[in-house]
Amino acid sequence: MSFTGQGRIKDVQAWGYGLLMGLLVMHGLAYSGQPFWLWFDDSSGSGFAWLAPWLNRALVAVSLASLLSTVFQQHLLIKPHSTHLNLTKVHLTKVHWGVFFGAAVLLLITFYAPGVGQGVVVLLLGFAIGHRLLVGLGVLLLLMGIGRYYYWLDAALLTKSLTLLVIAGLLLLLRWGLRRWLDAFIAQSRDGSLDNDV
Amino acid sequence: MASTHRELVSLIEQGAIPPDQVTQAVRVAGLHPSPRAWAVFIDRLLLWMGALALTFAVLFLVAYNWVEMGRWLRFGLVQAALVLAVCIVVWGNTSPMLSRVALTAASLLVGVLLGLFGQIYQTGADPWQLFFIWAVLTLPWIWVARFELLWVLWLGLLNLAIGLYFRTWGGPFGVLASSDAAQWGLLGLNSIALVIWECGAQHRGWPGCAGADDAEPSASQLFCFCGQPSAVYGIGSERYGASNERVSAVDADAALAE
């Protein structure tokens with residue numbers, strides 16, 4: 001993904017790091033309660049203030065969808081050389097839809113904690129391109145997302161706690177479904193776990 | 001994997017790989033994870049996020065300080081969650097990852113339980129005591145978990161305890177200004193941690209130095225960095241920052257050695 005052509009790699013990396021640092025700084029500023037030069041008050045009622053949260057979620061959804069599409073394209077490319085899986089085209093299409101469905105569920109259940117979605121996108125991007133720094137920053141963003149959710153004032157902590165309980169249940173249900181479903185595709189390791197494979 | 005990424009970027013930048021063969025080079029380098037690696041990663045991600053969401057749900061509930069909910073019920077809830085996590089480790093599936101996730105949740109829940117105790121009984125305990133007792137109580141679990149992320153979190157707890165202790169009391173050396181004392185304390189603690197880890201790596205076969213020149217940070221490194229504010233603020237920051245990077249490189253190797 002970052003290997004877009006000779007001579008441009010550093011530029012692409014610089015842009016990527018810059019944008020990510022910007023995102024982290026914005027999260028940090030939101031924590032510290034400092035004013036930000038582009039900041040606006042949620043209660044100001046201006047058009048942008050109304051639009052911004054939706055824009056945030058839409059951009060996260062678009063970036064996640066585009067990341068997943070790129071990864072799928074790569075796997076179609078490497079399919080002839082893959083020895084791990086013997087996926088037929090029909091199965092791969094099912095996998096496509098399953099993963100998109102899982103991503104949509106994740107975005108929906110974390111609707112009020114958009115930092116989680118951002119963290120997941122960065123984490124997945126880091127894993128997709130084999131970049132540990134990005135994976136680490138993705139984890140950091142995820143934790144900051146949960147932290148911001150804690151300090152989000154529009155809901156009581158009790159509501160947030162119950163919401164997190166539902167989110168946890170759905171995430172573990174997704175995992176359970178994934179494991180049941182992927183049994184058909186993935187040969188299990190000897191002890192029945194997937195832990196020895198990465 | 002980051003070093004492969006960097007080497008590939010370097011080769012492409014130097015023109016060693018013709019532009020029309022970059023895609024093939026990336027494929028041959030095995031940089032992009034296989035479908036199976038993706039499945040394992042997503043599986044772990046969902047497990048971690050689900051378990052942490054459950055733990056945070058308990059934390060948020062305690063933080064809500066729900067007066068209508070009796071104190072015994074609150075204690076019971078947190079303790080039930082704690083016992084559940086420990087039961088998963090003891091009697092659950094033998095997957096090492098599941099045990100680590102459960103022990104991480106259990107270690108966090110000990111802190112929630114201590115916070116609840118302070119909230120209900122208004123013990124007046126200073127925060128440093130909470131973090132210190134938390135670190136002491138979770139040490140056996142962290143010892144048996146053999147999981148470097150938990151060690152980094154534990155070190156972070158001790159850092160917090162020491163920082164808060166010196167900030168509250170001005171330090172045992174009296175004449176030292178409290179903030180300087182805190183930074184010396186943190187420097188001492190983390191230096192001891194580094195020495196112990198290096199000794200372990202040299203003599204006891206702990207995850208160690210092979211590839212320690214790979215300075216690309218990982219999640220563990222970020223935690224490590226966050227837990228050591230004197231690297232940013234204080235005394236001997238240059239020397240200290242170097243030590244910090246070294247510890248973190250070892251952590252990263254430990255993660256890779258998994």
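Chain A is the first sequence line, chain B the second, and so forth, proteins listed ahead of strands; every chain is numbered from 1.
Put simply, CD1 on A:I167 and CG on B:L52 are 12.5 Å apart, with the number rounded to the nearest 0.5 Å. Between the CG atom of A:L143 and the CZ atom of B:F56 there is a distance of 6.0 Å, given to the nearest 0.5 Å. Within the model, atoms CG of B:L45 and CG of A:L174 stand 11.0 Å from one another, a figure rounded to the nearest 0.5 Å. The CZ atom of B:F60 sits 7.0 Å away from the OH atom of A:Y149 when rounded to the nearest 0.5 Å. Annotation: the span from B:N65 atom CG to A:L157 atom CG amounts to 10.0 Å, rounded to 0.5 Å.
Using a 4.5 Å cut-off between heavy atoms, A:V120 contacts chain B through its side chain alone, with no backbone atom that close. For B:L59, no part lies under 4.5 angstrom from a heavy atom of chain A. In this structure, chain B has a heavy atom under 4.5 Å from the side chain of A:V116, while its backbone stays farther away. Residue A:L162: no heavy atom, backbone or side chain, is found under 4.5 Å from chain B. Proximity to chain B (any heavy atom under 4.5 Å) is shown, for A:L124, by both the backbone and the side chain.
Put simply, of A:L142, A:L106, A:L123, the one with the most heavy-atom pairs under 4.5 Å next to chain B is A:L123.
Side-chain contact between B:I42 and A:V99 is absent, with no heavy-atom pair separated by less than 4.5 Å. In this structure, A:L172 and B:L46 have side chains that are not in contact, with every pair of non-hydrogen atoms separated by 4.5 Å or more. Residues A:L165 and B:L54 form a side-chain contact, since some pair of their non-hydrogen atoms from C-beta on lies under 4.5 Å apart.
Here the closest non-hydrogen pair linking B:A57 and A:S161 is O-OG, 2.7 Å. Taking both residues in full, the closest heavy atoms of B:P33 and A:A128 are given as CD-O, 3.4 Å, listed atom of the first, atom of the second, then distance. Counting all heavy atoms, side chain and backbone alike, A:F127 lies closest to B:A37 at CZ-O, 3.8 Å.
Other residues, nucleotides and ligands contribute over 12 non-hydrogen atoms within 6.0 Å of the CZ atom of A:F111.
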